[in-house]
Amino acid sequence: MDQEIEIPCFFLCPISLDIMKDPVIVSTGITYDRDSIEKWLFTGKNNSCPVTKQAITETDLTPNHTLRRLIQSWCTLNASYGIERIATPKPLISKSEIEKLIKDSSSSYQNQVKCLKRLGQIVSENTTNKRCLEAAGVPEFLANIVSNSVDTCNDLCHSNTLESRFDSSRSLMDEALSILYHLDTSEEARKSLLNNKKGTNLVMTLTKIMQRGNYESRAYATFLLKKILEVADPMQIILLEPEVFNEVVQILNDQISHKATTSAMQILVILCPWGRNRHKAVAAGAVSMIIELLMDETFSSERRNSEMAMVVLDMLCQCAEGRAEFLNHGAAIAVVSKKILRVSQVTSERAVRVLLSIGRFCATPWLLQEMLQLGVVAKMCLVLQVDCGNKTKEKAKELLKLHARVWRESPCVPRNLYASYPA
């Protein structure tokens with residue numbers, strides 16, 4: 001554009017500061033572009049008007065047709081300056097349309113396929129459609145398709161039924177799983193799925209998919225399991241079956257995608273604050289798996305990954321089985337010590353806690369000598385000299401004091417660090 005055109009200020013969305021394509025009015029009377037305000041309200045979980053700071057009491061958004069037509073007319077008048085005309089938004093789907101779509105799908109497999117294809121299209125259009133789908137019971141509908149398909153596939157695996165029927169069930173499951181993930185359900189909807197009144201155990205259904213699905217469906221199942229467990233109450237988390245832990249650790253081992261690996265680690269962060277779950281995670285091989293991941297530069301080069309891994313390792317080393325598995329891995333002490341002061345304050349603090357747990361409960365003459373030779377003692381002295389947080393310093397000091405008789409006079413401690421050894 002050779003000449004700058006001044007855009008009327010009331011054509012601009014107060015959030016994005018771009019020309020509004022689909023202006024809508026919120027309950028405070030302010031107009032925003034639909035996409036921007038939906039992200040603000042639903043993705044960002046805000047409930048106040050960005051302009052007035054007043055509470056938005058109604059989440060229904062009223063289309064501002066008058067303003068949209070003015071914007072379209074202005075775009076047409078200024079087309080010679082390179083301004084593109086804004087298209088008229090597609091009409092929003094109604095709850096009754098969705099309910100009819102679901103009802104009609106029950107008559108045949110072909111109708112189920114058509115229903116899922118249409119639901120996928122609706123989900124991709126905008127956030128308002130997602131909320132409407134949720135209100136019409138689509139999350140429960142999709143969860144039931146996934147669960148029924150998994151059960152059907154499981155039954156067919158143990159029979160001589162035609163392979164085409166197995167493939168049909170697997171295809172339905174994959175499509176429903178993908179839509180359920182992209183629907184990005186609210187916290188209330190996820191709680192409803194977790195507490196399904198029809199008796200469907202969605203957690204175990206997702207676990208089975210993580211075990212037997214293809215790469216894509218295993219990834220989606222992992223993403224959904226993380227979202228579901230985020231809203232679970234403590235008792236539901238404590239009562240989880242060992243199979244859940246086995247498959248989460250297997251996802252970490254297979255590294256089917258970066259996002260799936262991150263989600264699996266987040267699941268362990270959610271599950272492992274409870275003692276019973278620590279035992280299940282250790283039995284599933286989580287300790288050695290985490291150490292291997294910390295040795296993997298691709299994984300551990302991201303600060304958040306190292307932090308989560310060290311948080312989980314700290315929790316697992318609070319039980320005797322976890323400490324035993326830690327010591328069974330030949331590189332464990334060296335790997336954890338190496339991360340101190342190299343990643344972040346969170347990683348350093350948790351790493352020192354891990355080493356303190358090992359030093360407090362597993363100390364043997366051999367172990368204390370190994371910690372000396374691997375530079376753990378020198379690293380603890382360095383922690384006391386640098387700015388790395390009081391909690392980290394306190395734990396490091398506690399570990400050094402615990403074995404001062406063995407470590408204090410050792411030639412393995414460099415002279416420049418010896419002065420910081422606590423009395």
Side-chain angles (χ1 to χ4, degrees), residues 1-95 97-98 117-136 138-139 178-190 220 223 227 258-259 262 302 304:
M1 237 178 358
D2 295 329
Q3 184 178 345
E4 286 191 10
I5 301 298
E6 186 176 346
I7 304 171
C9 61
F10 54 91
F11 286 1
L12 303 177
C13 172
I15 297 175
S16 68
L17 301 180
D18 291 327
I19 295 178
M20 289 184 274
K21 297 178 180 178
D22 186 7
V24 292
I25 307 170
V26 299
S27 60
T28 59
I30 305 296
T31 296
Y32 299 93
D33 192 35
R34 182 184 293 278
D35 187 54
S36 295
I37 192 62
E38 283 180 345
K39 285 179 181 176
W40 171 267
L41 291 173
F42 302 121
T43 306
K45 296 182 180 179
N46 299 292
N47 60 1
S48 61
C49 175
V51 172
T52 66
K53 309 303 179 187
Q54 295 174 324
I56 295 177
T57 54
E58 295 290 336
T59 53
D60 290 338
L61 306 174
T62 306
N64 192 333
H65 296 300
T66 302
L67 180 57
R68 176 177 54 76
R69 292 189 189 103
L70 280 172
I71 293 172
Q72 288 175 324
S73 297
W74 180 85
C75 290
T76 302
L77 288 171
N78 291 280
S80 60
Y81 297 103
I83 303 292
E84 293 183 8
R85 185 179 186 276
I86 290 176
T88 301
K90 293 180 181 179
L92 296 173
I93 196 80
S94 68
K95 183 180 175 182
E97 288 178 80
I98 298 169
K117 185 177 180 180
R118 178 65 183 127
L119 288 175
Q121 292 171 342
I122 295 169
V123 165
S124 66
E125 287 172 2
N126 59 50
T127 308
T128 298
N129 280 348
K130 291 182 181 181
R131 303 283 78 79
C132 187
L133 289 168
E134 194 173 293
V138 169
S178 172
I179 297 169
L180 186 57
Y181 168 70
H182 288 106
L183 187 53
D184 193 22
T185 51
S186 65
E187 185 175 323
E188 291 74 20
R190 281 178 279 155
Y220 280 135
F223 304 153
K227 285 178 171 290
H258 174 269
K259 190 173 180 181
T262 301
E302 290 195 23
R304 183 60 182 144

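A distance of 13.0 Å separates CD1 in Ile122 from NZ in Lys117, rounded to the nearest 0.5 Å. Between Leu77 atom CG and Ile83 atom CD1 the span is 11.5 Å, to the nearest 0.5 Å. Here the straight-line distance linking atom CD1 of Ile7 with atom CD1 of Ile71 works out to 10.0 Å at 0.5 Å rounding.
By the 4.5 Å heavy-atom criterion applied to side chains, Leu41 and Leu61 are counted as neighbours. A 4.5 Å side-chain heavy-atom check between Pro50 and Ile37 finds at least one atom pair inside the cut-off. Between Tyr220 and Leu180 there is no side-chain heavy-atom pair separated by less than 4.5 Å. Contact check for Tyr81 versus Cys75: no side-chain heavy atoms found under the 4.5 Å cut-off.
When all heavy atoms of Leu133 and Pro139 are compared, the closest pair comes out as O-CD, 3.8 Å. Residues Cys132 and Ser94 approach most closely at SG-C, 3.7 Å, considering heavy atoms. Closest approach of Asn129 and Ile93 over heavy atoms only: OD1-CG2, 3.2 Å. Annotation for Ile179 and Gly120: closest pair CD1-N, 3.8 Å, computed over non-hydrogen atoms.
With sequence neighbours excluded, the residues forming a side chain to side chain donor-acceptor pair (under 3.5 Å) with Lys227 are Asp184, listed by chain and number. In this structure, Lys95 has no side chain to side chain donor-acceptor pair (under 3.5 Å) partners at least two apart in sequence or on a different chain. For Ser124, the side chain to side chain contact (heavy atoms under 4.5 Å, CB included) criterion is met by no residue, not counting sequence neighbours.
Legend: ring pair (Phe, Tyr, Trp, His ring centres under 6.0 Å) pairs involving residues 17-36, not counting sequence neighbours: none detected.
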Determine all donor-acceptor pairs shorter than 3.5 Å in which one atom belongs to a side chain in residues 62-70; sequence neighbours excluded.
{"unit_1": "Asn64", "atom_1": "OD1", "unit_2": "Leu67", "atom_2": "N", "d": "3.1"}
{"unit_1": "Asn64", "atom_1": "ND2", "unit_2": "Thr31", "atom_2": "OG1", "d": "3.1"}
{"unit_1": "His65", "atom_1": "ND1", "unit_2": "Arg68", "atom_2": "NH2", "d": "3.1"}
{"unit_1": "Arg68", "atom_1": "NH1", "unit_2": "Gln72", "atom_2": "OE1", "d": "3.2"}

Indicate every side-chain donor-acceptor pair of residues 18-29 with a distance under 3.5 Å to a residue at least two apart or in another chain.
{"unit_1": "Asp22", "atom_1": "OD2", "unit_2": "Arg34", "atom_2": "NE", "d": "2.7"}
{"unit_1": "Ser27", "atom_1": "OG", "unit_2": "Thr57", "atom_2": "N", "d": "3.2"}

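The ring of His182 has its center no closer than 6.0 angstrom to the ring center of Phe223.
Checked by atom type and distance alone, the side chain of Glu134 pairs as donor or acceptor with a backbone atom of Ser186 at under 3.5 Å.
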Assess the residue pair Arg190 and Glu187 against the criterion (salt bridge (Lys or Arg N to Asp or Glu O under 4.0 Å)); give the C-alpha distance rounded to whole Å, side-chain angles, the decisive distance to 0.1 Å, and a yes or no. CA-CA 5 Å; Arg190 281 178 279 155; Glu187 185 175 323; 5.2 Å; no
